[in-house]
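Here is how names work: the chains are called A, B, and so on, in the same order as the sequence lines, proteins then strands, and each is numbered from 1.
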Protein chains: 2
Amino acid sequence: MTEYPLDGSGAISAVDIAAAWDRELPGVPTSSIGVITPLWRVAKVLADERRRTLGRLGVDPATLDLLSTLRRAGEPWTLTTRELTERCLVTAGAISQRVARAEREGLVTRAPSSASRRAVAVALTERGHDVVERTVRGLLTHEEELVVGLAPEERRRLGELLGKLAASAAGGGGVGGEG
Amino acid sequence: MTEYPLDGSGAISAVDIAAAWDRELPGVPTSSIGVITPLWRVAKVLADERRRTLGRLGVDPATLDLLSTLRRAGEPWTLTTRELTERCLVTAGAISQRVARAEREGLVTRAPSSASRRAVAVALTERGHDVVERTVRGLLTHEEELVVGLAPEERRRLGELLGKLAASAAGGGGVGGEG
DNA sequence: TCCTGTAGATTTAGAGCTAAACATACAGGA
DNA sequence: TCCTGTATGTTTAGCTCTAAATCTACAGGA
């Protein structure tokens, strides 16, 4: 047995989890559970779906994230490692490894940047263009189907609430007590 | 440099990403981006926060997920590997590894289940109890602060929309064409 | 020129996960 | 009894990430 229930059928609901903590450890604050638990569940379902879809297309999510970021940047499809770190939201070490893997497969090239000799310019190769253009279309088409259950107004509202949560989490969490 | 901007300050907005694809590859369906991109960003901010918070408390997220699931189950704080797989939403192999790590640290024990000789009963030790009770309170208190930016009604609505999205993604994505 | 600081990038150690292969325990029929 | 199927766990290979240490290129002051 390798699998776990992808639809969360065996999983406990966020309400049940909060109720269980309230019963087992009375007094713990449980109101964040109703937001954070469903959020991670959905994120996991979507990540699993993306991994499988891309597996069928012959790419892995980390590499496609790299290629997509370069492709979206527009001509000349080149960014420095530092820019990639900012846009992909992973550490510089992770970018370095992603680029090394992609370079090994002939999807990108590495060269000293024209601006600074410290900076490294990562550029999409023709093969990289082929891969990204072939897979992004398939991926976005598939993901479009995953969100059909939400009406346009619901999607807009969901995106809005997620943005608000992101601001709240990033602002309040980093430093500590600020009240 | 090891870090990346935790608050997403250097990141491109979901709207910009969709606009970039529309410009670079006209015709690709981009309407899922407004939901999926913010969702993963928030999930990542929360995961990073949790990892750091738990790091300070001396536990790792995967182990705490295991211990919490056992703790929430109530007396006698024992579940089989299969039950853990269903509730933690990771593969059986991952559970096996989590349990092995936790057992090595004296946080849980493994024993043949009384019901079936195939099944393995994983039980919380006294030390496991100590760890989970010490850390869960701190973790939930911290996460409470991360969601203060959302009013109660907004939290409720967000949880509701996330549930609807989960149902949509799990239902529509697994099989393929079902029209 | 030498020292010091800083920024950009890479390397390495150690987690943690999935998928797939394997091992084990039964159950049910011939 | 033997065979077959199925459920439960474990192991292994390979990927990917973070955090920390390291390397390299400069810049600015003494």
Ring pair (Phe, Tyr, Trp, His ring centres under 6.0 Å) against W77(A), all qualifying residues, sequence neighbours excluded: H129(A)

Set of residues satisfying side chain to side chain donor-acceptor pair (under 3.5 Å) with respect to Q97(A), sequence neighbours excluded: none

Nearest-Å distance for atom pair CG/P, residues L84(B) and dT8(D): 13 Å

Whole angstrom value for the distance that separates C1' of dT16(D) from CZ of R51(A): 12 Å

Atom-to-atom span, CG of L89(B) to P of dC17(C) - whole angstrom: 12 Å

d(CD, E105(A); C1', dG14(D)) in whole Å: 13 Å

Integer-rounded Å distance: dG14(C) P and R104(B) CZ: 13 Å

Protein-nucleotide distance (R98(B), atom CZ; dA15(C), atom C1'), rounded to Å: 12 Å

dC2(D): pairing nucleotide in any strand, Watson-Crick or G-U under 3.5 angstrom: dG29(C)

Under the side chain to side chain contact (heavy atoms under 4.5 Å, CB included) test, residues paired with A47(A) that sit two or more places apart: W40(B)

Residues forming a salt bridge (Lys or Arg N to Asp or Glu O under 4.0 Å) with E126(B), sequence neighbours excluded: none

Between side-chain atoms of residues 28-35 of chain B and protein atoms elsewhere (two or more places apart, or another chain), which donor-acceptor pairs fall under 3.5 Å?
residue : atom : partner : partner atom : Å
S31(B)  : OG   : E144(A) : OE2          : 2.4
S31(B)  : OG   : R155(A) : NH1          : 2.9

Any R101(A) side-chain N or O less than 4.0 Å from OP1/OP2 of dC17(D): yes

L46(A) side chain near L146(A) side chain, heavy-atom distance below 4.5 Å: yes

Polar side-chain atom of S168(A) near backbone of G149(B) as donor-acceptor pair, under 3.5 Å: yes

Side-chain N or O of S96(B) closer than 4.0 Å to phosphate OP1/OP2 of dG9(D): no

Members of residues 58-70 of chain B that approach DNA chain C, where some heavy atom sits under 4.0 Å away: D60(B), A62(B)

Spacing between E86(A) atom CD and dA9(C) atom C1', to the nearest angstrom: 14 Å

Between dC17(C) (C1') and R50(A) (CZ): distance, integer Å: 18 Å

Which residue lies more 5' along DNA chain D, comparing T81(B) with Q97(B) via nearest heavy atoms: T81(B)

Salt bridge (Lys or Arg N to Asp or Glu O under 4.0 Å) pairs, two or more places apart, involving residues 12-38 of chain A: E24(A)-R71(B)

Show me the donor-acceptor pairs, under 3.5 Å and distance only, between side chains in residues 59-68 of chain B and residues at least two apart or in other chains.
residue : atom : partner : partner atom : Å
D60(B)  : OD1  : A62(B)  : N            : 3.2
D60(B)  : OD1  : T63(B)  : N            : 3.0
D60(B)  : OD1  : T63(B)  : OG1          : 3.2
D60(B)  : OD2  : T63(B)  : OG1          : 2.9
D65(B)  : OD2  : R98(B)  : NH1          : 2.9
S68(B)  : OG   : L64(B)  : O            : 2.6

Nucleotide nearest R110(B) when distance is taken to its side chain, options dT10(D), dC17(C), dT11(C): dT10(D)

Scan nucleotides 27-29 of chain D against the protein and return all N/O pairs shorter than 3.5 Å with their distances rounded to 0.1 Å.
none

Sugar-phosphate only, base, or nothing, as touched by A119(B) at under 4.0 Å among non-hydrogen atoms: sugar-phosphate

Minimum side-chain heavy-atom gap L39(B)-L165(B) below 4.5 Å: yes

Base partner of dA13(C), which must satisfy Watson-Crick or wobble distances under 3.5 Å: dT18(D)

